[in-house]
Amino acid sequence: MSFFSIVGMVAAFLTTFSLLPQTIKTIKEKNTEGISVLMYSMFTAGVFLWLLYGFYTEDIPLMLANLVTLFFAVTILTLKLKYR
């Protein structure tokens, strides 16, 4: 495995799981006051498009990373809309 493959996997892991603490905090506290609906809507749409791109290019790591990220983003966005 090349150095750049490792860098790519670490980057994908960090960006994908960076939403996990916010997701857990939002679920526990049911407080979404500081979360921007516009930002999370745009982010979620972008992640969805990256997921489609991953399917189109048959890039498994890209698909997996964006599938997990989409799950976290949709969870946070849904809770934001629910707890307005």
Minimum-distance pair of heavy atoms, taken over all atoms of Ala73 and Leu19: N-CD1, 4.1 Å

Mind checking side-chain contact (heavy atoms from CB on, under 4.5 Å) for [X] and listing every partner two or more places apart, or none if nothing turns up?
{"X": "Met39", "answer": "Ser36, Phe43"}
{"X": "Leu52", "answer": "Phe48, Leu49"}
{"X": "Phe71", "answer": "Thr75"}

What residues join Ile27 in its hydrophobic cluster, counting side-chain heavy atom gaps under 4.5 Å, either direct or through other members?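 Answer for Ile27: Leu79, Tyr83.
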
Looking at Val37, is its backbone amide N or carbonyl O close enough to the side chain of Lys80 to form a donor-acceptor pair, meaning the two atoms are under 3.5 Å apart? no

Leu67 and its side-chain contact (heavy atoms from CB on, under 4.5 Å) partner, picked from Val47, Leu62, Leu51: Leu51

Answer yes if [X] and [Y] sit in the same cluster of Ile, Leu, Val, Met, Phe, Trp and Tyr residues linked by side chain heavy atoms under 4.5 Å apart, and no otherwise.
{"X": "Val10", "Y": "Ile60", "answer": "yes"}
{"X": "Val68", "Y": "Ile24", "answer": "yes"}
{"X": "Leu38", "Y": "Phe72", "answer": "no"}
{"X": "Met42", "Y": "Leu77", "answer": "no"}

Expected list for residues 11-18: side-chain donor-acceptor pairs under 3.5 angstrom, two or more places apart:
from, atom 1, to, atom 2, distance (Å)
Thr15, OG1, Ala11, O, 2.9
Thr15, OG1, Ala12, O, 3.3
Thr16, OG1, Ala12, O, 2.7
Thr16, OG1, Ala65, O, 3.4
Thr16, OG1, Thr69, OG1, 3.3
Ser18, OG, Thr15, O, 2.9

Results of side chain to side chain donor-acceptor pair (under 3.5 Å) for Thr57 - residues two or more places apart only: none

Set of side chain to side chain donor-acceptor pair (under 3.5 Å) partners for Thr26, sequence neighbours left out: Gln22

Can you label the angle between the Trp50 ring and the Tyr53 ring as parallel, tilted or perpendicular, going by 30° and 60°?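 Correct class here is perpendicular.
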
Using side chain to side chain contact (heavy atoms under 4.5 Å, CB included), reason through Met1 and Met9 one step at a time and then give a plain yes or no. CA-CA 11 Å; Met1 183 174 294; Met9 286 193 300; 2.9 Å; yes

Between OG1 of Thr78 and NZ of Lys82, what distance do you get to the nearest 0.5 Å? 9.5 Å

With sequence neighbours left out, which residue pairs that include part of residues 2-11 fulfil the side chain to side chain donor-acceptor pair (under 3.5 Å) condition?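 Non-adjacent pairs meeting side chain to side chain donor-acceptor pair (under 3.5 Å): Ser2-Ser5.
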
